[in-house]
Amino acid sequence: MIETTITQLLREAIVSLYGQEPAEALLQVQKTRPEFKGEYTVVVFPLLKISRKNPEQTASEIGKYIIDNSSDIIEFNVIKGFLNLSVSNQYWLRFFGEIFHESDYGFKKHTGGAPIVIEYSSPNTNKPLHLGHIRNNLLGWSVAAIAKANGMDVKKVNLVNDRGIHICKSMLAWQKWGNDSTPETTGQKGDKLVGDYYVRFDQEYKAEMAALIEKGMDPDKAKNEAPLLLEAKQMLKKWEDGDKQVRDLWLKMNGWVYDGFDVTYNRLGIDFDKIYYESDTYLLGKSLVEEGLKKGVLFKKEDGSVWCDLTAEGLDEKLLLRADGTSVYMTQDLGTAQLRYNDYHPEKLVYVVGNEQNYHFDVLKLVLKKLGKEWADAIEHLSYGMVELPQGKMKSREGTVVDADDLMDEMYQTAKITTEALGKFDDFTPEEAHKLYNMLSLGALKYFMLKVDPKKTMMFNPAESIDFTGNTGPFIQYTHARIKSVLRKADEAGISFSEVNTSISELDDKEKSLLVLLHEFPQTVNQAAISFSPAIIANYAYELAKEFNQFYHALLILKEENMHKRQLRLQLSSVTARTIKLSMQLIGVEVPERM
RNA sequence: GGUCCAGUAGCUCAGUUGGAUAGAGCAGCAGCCUUCUAAGCUGCGGGUCACAGGUUCGAGCCCUGUCUGGAUCACCA
């Protein structure tokens, strides 16, 4: 990497010129802004204390030393306190020659070490997936792909919240008002069917509450004592006791939901190495709580409920087991964390979960620590922001959620209409066209969701986000398709470009800026992996595509008369297409060969 | 009220460990299809980086305070 070389030269220059070993932090090398000549810039301001000269003089002295002592840096210019360095064409061509045949340039191989476990998705089995889940799923999948590309051993896991009071609510509603309807009899997707009964429960429950309040009951009391809620609670107890009837119903309805989820996951293109079910792990959580009670780090209240006292850490007391002995969310999470640790002994346990649960994860770590689990430090909450709609937040009970399947359908239609309007479908078979519309609509959706910094709340405007122009997935896909088209034409014309020709000594600005960008790819992957941010990759891919589009327009690749030049440009195009493809792979977006 | 997060162009977002005149896209305006794909390219207009102090050679970025918005502090998950 040339930056490393420059930093090294800079250090030597300072030692040689000023007789002092500089601190690492003082050595600042960055990319040169496009309006100046050069590719890399040394910021000399921090070095003035050592040089005891003015910025221009210091920069000139260092610049001179560097070009005198390196064959790769051939020129410098000084503007204020900035020393701009020009890297030789030979260096760039040598670098290009190295990566040209490296088909997975920028990706690292796994070098051993403990795995990193990434949990994402974590759906509840009482309602279908919506826009918020889409952000979660795409983030988790992409973060895993990026970590893998950066040489980590990644395990993708899903934790299905398949039990609890909310599940019992749908079950109860179905039992009461379902009339034995099934996905088969209704033709409805299983997760949607069950979701409808969850909504039904809520409606009936609210009606009951209102009736009780009408009769003069205290609202808080009504909330807790409405017969429907009591029934749901009883059902949960029966479930935990293993009541056969309840368990059978539960198995049946969850089965419908899983079938529905699979359809959505498949379409989204996400997958898992392992699926955990809370019904399998909550007992372990309970036993951890028992253990904690014995150790005296937890305590029991007079009603029999079990708590963890976190007031010393500045938080509240936290409930771990209800008075009736049933477990809560936290209990289950303790169990799954332990199980996952047992399974993998991972270096890191990443949870992709919305930022509304920041507090939950603080508590989870603290409780685990209290229970003596030192590995709690490996837990990392990848906290992402909510997805908001123009009309405000999504509320499932108010019907303002954007359903995942519906959204994908709509985007597919838009891709179809847009493509047909452009008249590009002529020579595609129906199968090819279908495949393309799928690629484009999913590309648009995925790119839109992932280009935003994960931790930020994002705005999703359905009307605008299906735009295919500008900074979008389809723009990048389009660029890839065009490059491939150039390469096909070159092939048809019998122009070979398989050998890198390093005999050319002249590179123009456009070619150079593409090379600089390609040079950055491995660092970009690395940085995205460290900060768990697909947005870094997405924005890089856009920059690359944009840069190429300008390049493409400025230079007629196939018309170039100089054979060496033409060959070099074809090679550059080929590597650019490959890098675009690799980048898009990391955010789960397929790129078409033509469109 | 406590804790945490955010505030950058009309809108959606970038902005690397603090570095040069704060960048894209959309929307608006003006050009470019006899040119390897116009889902593109070129140009124009658009900014008190919420506000006020501070730190320093230098602050969108760091510190303090204020304002605004959001999340959370549930025997929901």
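Naming convention: chains lettered A, B, ... in sequence-line order (proteins, then strands); numbering from 1 in each chain.
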Student: Could you tell me the separation between the OH atom of A:Tyr542 and the P atom of B:A14, rounded to a whole number of Å?
Tutor: 14 Å
Student: Any donor-acceptor pair under 3.5 Å linking the side chain of A:Asn254 with the backbone of A:Asp162?
Tutor: yes
Student: What's the gap between B:A22 and B:A59 when it is taken at their P atoms, as a whole Å value?
Tutor: 13 Å
Student: If the threshold is 4.0 Å, N to carboxylate O, is there a salt bridge linking A:Glu3 and A:Lys31?
Tutor: no
Student: Could you tell me whether A:Phe45 contacts a base, only the sugar-phosphate backbone, or nothing, with contacts defined as non-hydrogen atoms closer than 4.0 Å?
Tutor: base
Student: Please confirm whether the backbone N or O of A:Trp307 pairs with a side-chain atom of A:Glu317, one donor and one acceptor, at under 3.5 Å?
Tutor: no
Student: Side-chain N or O of A:Gln550 less than 4.0 angstrom from OP1 or OP2 on B:U42?
Tutor: yes
Student: Rounding to a whole Å, what distance do you find between A:Met386:CE and B:C5:P?
Tutor: 18 Å
Student: If stacking means aromatic ring centre less than 5.5 angstrom from the base's six-membered ring centre, planes under 30°, is A:Phe475 stacked on B:A39?
Tutor: no
Student: For A:Pro46, report the nucleic acid contact type (base, sugar-phosphate, nothing); a contact means any heavy atom under 4.0 Å.
Tutor: base
Student: Under 3.5 Å, is there an N or O donor on one side and an acceptor on the other linking the side chain of A:Thr479 and the base of B:A39?
Tutor: no
Student: With the side chain of A:Ile165 defined as its heavy atoms from C-beta on, choose the nearest nucleotide among B:A77, B:C41, B:C73.
Tutor: B:A77
Student: Just call it for A:Leu555: base, sugar-phosphate, or nothing, with non-hydrogen atoms closer than 4.0 Å on any strand.
Tutor: base
Student: Between B:C63 and B:A27, how far apart are the C1' atoms? Round to whole Å, please.
Tutor: 39 Å
Student: Check whether any side-chain N or O of A:Lys318 sits under 4.0 Å from OP1 or OP2 of B:A74, and answer yes or no.
Tutor: no
Student: Nearest to the side chain of A:Pro474 - B:C75, B:A39, B:U12?
Tutor: B:A39
Student: Taking the nucleotide of RNA chain B with the nearest heavy atom to each, does A:Leu556 or A:Asp303 sit closer to the 5' end?
Tutor: A:Leu556
Student: The side chain of A:Gln30 lies closest to which of these nucleotides: B:C41, B:A6, B:G19?
Tutor: B:G19
Student: Using the side-chain heavy atoms of A:Lys456, tell me which of these nucleotides is nearest: B:C57, B:U37, B:A14.
Tutor: B:A14
Student: Between B:U16, B:A77, B:U21, which nucleotide has the shortest distance from any of its atoms to the side chain of A:Arg322?
Tutor: B:A77
Student: Rounded to whole Å, how long is the line connecting atom CD1 of A:Ile536 with atom P of B:A24?
Tutor: 20 Å
Student: Output yes when a side-chain donor or acceptor of A:Thr336 lies under 3.5 Å from a complementary backbone atom of A:Gln332, and no otherwise.
Tutor: yes
Student: Would you mind reading off the distance between A:Phe497 atom CZ and B:C36 atom C1', rounded to a whole angstrom?
Tutor: 13 Å
Student: Is the ring centre of A:Phe82 under 5.5 Å from the base ring centre of B:G19, and are the two planes under 30° apart, so that they stack?
Tutor: no
Student: What is the separation between atom OH on A:Tyr478 and atom C1' on B:A38, rounded to the nearest whole Å?
Tutor: 6 Å
Student: How many angstroms lie between atom NZ of A:Lys233 and atom NZ of A:Lys169, to the nearest 0.5 angstrom?
Tutor: 9.5 Å
Student: If you check the A:Asn549 side chain, which of B:G40, B:C36, B:U72 turns out closest?
Tutor: B:G40
Student: Checking A:Asn161 against A:His166: is there a side-chain donor and acceptor pair closer than 3.5 Å?
Tutor: no
Student: Would you kindly compare A:Asn358 and A:Arg482 by the position of their nearest RNA chain B nucleotide and give the one closer to the 5′ end?
Tutor: A:Asn358
Student: Does the B:A74 base have a donor-acceptor partner in the side chain of A:Asn224 within less than 3.5 Å?
Tutor: no
Student: Closest approach to the side chain of A:Val43, judged atom by atom: which nucleotide of B:C36, B:G19, B:A39 is it?
Tutor: B:G19
Student: Suppose we call a contact any N or O donor and acceptor under 3.5 Å apart; does that hold for the side chain of A:Thr41 and the base of B:A20?
Tutor: yes
Student: Are A:Trp239 and A:Ser279 close enough that some pair of their side-chain heavy atoms sits under 4.5 Å apart?
Tutor: yes
Student: Tell me what A:Met595 touches on the nucleic acid: a base, only sugar-phosphate, or nothing, going by heavy atoms under 4.0 Å.
Tutor: base
Student: When you measure from the side chain of A:Thr418 to the backbone of A:Thr414, do you find a donor-acceptor pair of N or O atoms at a distance under 3.5 Å?
Tutor: yes
Student: Measuring from the side chain of A:Asn471 (C-beta onward, heavy atoms only), which nucleotide among B:G25, B:U37, B:A20 has the closest atom?
Tutor: B:G25
Student: Please determine, for B:U42, whether a Watson-Crick or G-U wobble partner exists with both distances under 3.5 Å, and give it or none.
Tutor: B:A30
Student: Among the nucleotides B:C75, B:A39, B:U16, which one has an atom lying closest to any side-chain atom of A:Leu319?
Tutor: B:C75
Student: What is the glycosidic conformation of B:C13: syn, defined as within 90° of 0, or anti?
Tutor: anti
Student: Does a side-chain N or O from A:Thr418 land closer than 4.0 Å to OP1 or OP2 of B:A39, or not?
Tutor: no
Student: Round to a whole Å and report the spacing from CD of A:Glu543 to P of B:G23.
Tutor: 14 Å
Student: Output the single nucleotide from B:U37, B:C13, B:G23 whose closest atom is nearest the side chain of A:Arg33.
Tutor: B:G23
Student: Figure out the CD1/P separation between A:Ile557 and B:U35, and round it to whole Å.
Tutor: 17 Å
Student: What is the separation between atom CG on A:Leu517 and atom P on B:U16, rounded to the nearest whole Å?
Tutor: 17 Å
